[in-house]
Amino acid sequence: MPAEPVSAPVDGRADARPAGLVLAAGAGRRFGGPKALARDRDGVPWIHRAVRALRDGGCDPVVVVLGAAADEAAPLVPAGARVTLAASWSDGVSASLRAGLAAVASTAAPAVVVVPVDTPELPAAAVARLVDRARSVALAYATYAGAPGHPALLGREHWDALTGAVRGDVGAGPYLRAHRAEAVECGDLWSGADRDVP
């Protein structure tokens with residue numbers, strides 16, 4: 001069966017706002033510890049920066065998925081953001097994504113913009129580009145000089161299928177490619193780089 005195009009709006013409400021989802025559950029083995037505990041040079045937690053980028057980019061509500069070192073990371077989550085735990089976080093990013101999608105499914109959001117916590121330089125403008133695309137497409141992802149990156153936009157009608165499709169330490173990328181998600185160039189806004197090492 002051919003992949004279906006994703007040209008239809010996420011839902012009929014032009015004013016509906018996507019939720020924001022921060023994936024911050026991993027152990028950060030290459031990084032030297034859970035990235036949920038990381039801070040920038042000014043001492044601002046990466047979690048704060050991710051939540052702020054999502055909020056300022058137009059997402060509401062914002063959900064943060066925690067796992068490794070959750071007790072230490074929970075106090076770093078800004079007021080007003082929701083916390084959910086990925087019980088099987090050690091299974092990889094798929095477990096975090098499933099937990100996050102289950103949490104946002106309880107909201108009225110027609111879509112969700114997903115970011116990993118290890119993109120502390122992510123500007124709100126990049127989030128806003130994906131939020132803007134939510135008015136006309138159900139799946140999209142940011143690109144940087146044509147290379148895929150974050151954030152990603154996932155319409156509600158894809159959440160169940162995506163939850164069943166992700167495995168291990170592989171996130172939504174294969175699903176987005178298989179369903180011809182729209183590429184949204186954001187290389188003019190920032191580098192798109194994530195932080196795998198301190």
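Counting only residues at least two apart or on different chains, the salt bridge (Lys or Arg N to Asp or Glu O under 4.0 Å) pairs with a member in residues 39-50 are D40-R49. The salt bridge (Lys or Arg N to Asp or Glu O under 4.0 Å) contacts involving residues 92-114 comprise nothing, where partners must be two or more places apart or lie in separate chains. Counting only residues at least two apart or in different chains, side-chain hydrogen bond (donor to acceptor under 3.5 Å, both in side chains) contacts with residues 60-76 are absent. Applying the ring pair (Phe, Tyr, Trp, His ring centres under 6.0 Å) test to residues at least two apart or on different chains, none of the pairs has a partner in residues 67-91. Every pair passing side-chain hydrogen bond (donor to acceptor under 3.5 Å, both in side chains) that includes a residue from residues 105-126 is listed here, sequence neighbours excluded: K35-D118, E121-R195.
The backbone N or O of G164 sits less than 3.5 Å from a side-chain atom of R167, completing a donor-acceptor pair. Of the possible polar contacts, none joining the R17 side chain to the A109 backbone as a donor-acceptor pair under 3.5 Å is found. Side-chain atoms of W159 come within 3.5 Å of backbone N or O of L154 as a donor-acceptor pair.
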Distance-only donor-acceptor pairs under 3.5 Å for side chains of residues 168-175, two or more places apart:
{"from": "D169", "atom 1": "OD1", "to": "V93", "atom 2": "N", "distance (Å)": "2.9"}
{"from": "Y175", "atom 1": "OH", "to": "H158", "atom 2": "ND1", "distance (Å)": "2.7"}

For residues 61-69, please give each side-chain donor-acceptor pair under 3.5 Å, one per line with the distance, not counting sequence neighbours.
none

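E185 pairs by the side chain to side chain donor-acceptor pair (under 3.5 Å) definition with T143, not counting sequence neighbours. Considering only residues two or more places apart in sequence or on other chains, D91 meets the side chain to side chain donor-acceptor pair (under 3.5 Å) condition with none of them. The side chain to side chain donor-acceptor pair (under 3.5 Å) test applied to R129 returns D188, not counting sequence neighbours. Evaluation of the side-chain contact (heavy atoms from CB on, under 4.5 Å) rule for P148 yields Y141 as partners, not counting sequence neighbours. Among residues two or more places apart in sequence or in another chain, the side chain to side chain donor-acceptor pair (under 3.5 Å) test is passed with R52 by none.
Within the model, atoms CD1 of I47 and CG of L76 stand 5.5 Å from one another, a figure rounded to the nearest 0.5 Å. In this structure, L122 CG and L54 CG are separated by 7.0 Å, a value rounded to the nearest 0.5 Å.
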